[in-house]
Student: 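Got a structure for you, written out below as structure tokens; questions coming shortly.
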Amino acid sequence: MSFNDIKDGYTNCVINGISYKITYDFNAIAKLEELYSDSFFNLGTIIDNLRNKPIKEILDFCYIGFLRHQPDFKIEQLYDYGSFVELYDKCTTEFLRCVSMPDAYNELIEQGKKTEIKKKKGLKLPFIGTQR
């Protein structure tokens, strides 16, 4: 993967049957710096801590990621997504993809694959309240 793959890439997001693109380019990063009154190097920590913030702040972060490819996109369109947790995960993953160097991004992908394998193997015990 090259830097241009990351720079020019995006994540698809379907809302009400319409496909939208999410990406965090230079302008989005500048808007995030302005929104959070902090520097680029602190954005990762701020965005990670959004899980502890009101849904409005999560949607503000996500909304900025839609603007590069859909400049007329309205934040109210996000209200129809259905799962704010899934939307947050999609946007944070795309943010990390955009701000990571190619090798770091590939490493994140590999770590994710290993975690999924461990999760699948770990589900052999019956859930509480179920019969064997």
Side-chain angles (χ1 to χ4, degrees):
M1 173 181 287
S2 72
F3 178 72
N4 285 329
D5 292 334
I6 290 175
K7 179 179 68 68
D8 296 332
Y10 57 85
T11 295
N12 280 317
C13 181
V14 178
I15 302 172
N16 288 333
I18 301 170
S19 183
Y20 297 97
K21 296 176 183 176
I22 306 167
T23 196
Y24 292 88
D25 64 348
F26 176 82
N27 292 325
I29 299 298
K31 286 179 184 182
L32 290 172
E33 287 178 330
E34 185 179 319
L35 177 66
Y36 298 115
S37 300
D38 217 328
S39 72
F40 169 76
F41 291 103
N42 293 326
L43 288 178
T45 302
I46 291 169
I47 290 164
D48 192 42
N49 289 330
L50 280 176
R51 287 186 179 274
N52 302 318
K53 302 289 184 180
I55 194 71
K56 166 87 171 82
E57 290 187 40
I58 293 172
L59 292 179
D60 287 342
F61 160 68
C62 292
Y63 168 68
I64 289 171
F66 284 82
L67 295 177
R68 175 179 180 197
H69 293 285
Q70 298 88 202
D72 297 330
F73 192 85
K74 304 291 182 228
I75 195 168
E76 293 80 14
Q77 291 171 266
L78 296 178
Y79 301 168
D80 294 330
Y81 186 73
S83 171
F84 294 127
V85 172
E86 185 179 314
L87 180 63
Y88 171 77
D89 285 344
K90 226 177 242 261
C91 291
T92 53
T93 301
E94 178 60 17
F95 174 80
L96 288 173
R97 187 192 69 76
C98 290
V99 300
S100 296
M101 294 303 291
D103 292 341
Y105 180 69
N106 285 334
E107 186 177 320
L108 287 172
I109 298 282
E110 288 304 314
Q111 287 174 355
K113 288 178 184 176
K114 290 176 185 174
T115 301
E116 284 301 313
I117 291 170
K118 287 179 183 177
K119 284 181 184 177
K120 287 179 184 177
K121 288 181 180 178
L123 293 176
K124 293 181 180 176
L125 297 175
F127 292 107
I128 296 173
T130 60
Q131 297 179 3
R132 287 186 169 196

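All of these numbers come straight from a predicted model, not from anything done at the bench.
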Student: Could you list the residues that satisfy ring pair (Phe, Tyr, Trp, His ring centres under 6.0 Å) with Tyr20, not counting sequence neighbours?
Tutor: Phe73

Student: Got a donor-acceptor contact below 3.5 angstrom from the Glu57 side chain to the Pro54 backbone?
Tutor: no

Student: Rounded to the nearest 0.5 Å, what's the gap from CG on Asn12 to NZ on Lys90? Could you check?
Tutor: 7.5 Å

Student: Is it possible for you to say whether Val14 and Leu87 belong to one hydrophobic cluster, with membership spreading through side-chain heavy-atom contacts below 4.5 Å?
Tutor: no

Student: With sequence neighbours left out, write down each residue that passes side-chain hydrogen bond (donor to acceptor under 3.5 Å, both in side chains) with Asp38, or none if nothing qualifies.
Tutor: Asn42

Student: How close do Leu59 and Leu78 get, heavy atom to heavy atom, and via which atoms?
Tutor: O-CD1, 3.7 Å

Student: Taking all atoms of both residues into account, what is the closest heavy-atom pair of Asn49 and Lys53, and its distance?
Tutor: O-CG, 3.6 Å

Student: Angle class for the Tyr24/Phe61 ring planes (parallel below 30°, perpendicular above 60°, tilted otherwise)?
Tutor: parallel

Student: Got more than 12 heavy atoms from elsewhere within 6.0 Å of CD, Glu34?
Tutor: no

Student: Just checking, is any N or O donor in the side chain of Glu33 or Ser39 under 3.5 Å from an acceptor N or O on the other one?
Tutor: no

Student: Would you compute the distance between atom NZ of Lys74 and atom CZ of Phe66 and round it to the nearest 0.5 angstrom?
Tutor: 14.5 Å

Student: Thr11 vs Thr93, test: side chain to side chain contact (heavy atoms under 4.5 Å, CB included). Steps then yes/no.
Tutor: CA-CA 9 Å; Thr11 295; Thr93 301; 5.9 Å; no

Student: Can you tell me how far the CZ atom of Arg97 sits from the OG1 atom of Thr92, to the nearest 0.5 Å?
Tutor: 13.0 Å

Student: Got more than 12 heavy atoms from elsewhere within 6.0 Å of NZ, Lys31?
Tutor: no

Student: Could you walk me through whether Ile47 and Leu32 satisfy the side chain to side chain contact (heavy atoms under 4.5 Å, CB included) test, starting with their C-alpha distance in whole Å, then the side-chain angles of each, then the deciding distance to 0.1 Å, before giving a yes or no?
Tutor: CA-CA 10 Å; Ile47 290 164; Leu32 290 172; 4.2 Å; yes

Student: Supply the atom-to-atom distance Asp89 CG to Phe84 CZ, rounded to the nearest 0.5 angstrom.
Tutor: 13.5 Å

Student: Between Phe26 and Ile64, is there a shared hydrophobic cluster once you connect ILVMFWY residues whose side-chain heavy atoms come closer than 4.5 Å?
Tutor: no

Student: For Asp48, give me all partners under side-chain hydrogen bond (donor to acceptor under 3.5 Å, both in side chains), at least two apart in sequence or on another chain.
Tutor: none

Student: Starting at CD of Gln77, measure out to SG of Cys13 and round the result to the nearest 0.5 Å.
Tutor: 10.5 Å

Student: Shared ILVMFWY cluster between Tyr81 and Ile18, side chains joined below 4.5 angstrom?
Tutor: yes

Student: Judged by atom type as modelled, is there a donor-acceptor pair below 3.5 Å linking the side chain of Arg68 to the main-chain atoms of Tyr10?
Tutor: no

Student: What distance separates Cys91 SG from Ile58 CD1, expressed to the nearest 0.5 Å?
Tutor: 10.5 Å

Student: How close do Ala28 and Thr23 get, heavy atom to heavy atom, and via which atoms?
Tutor: CB-O, 4.4 Å

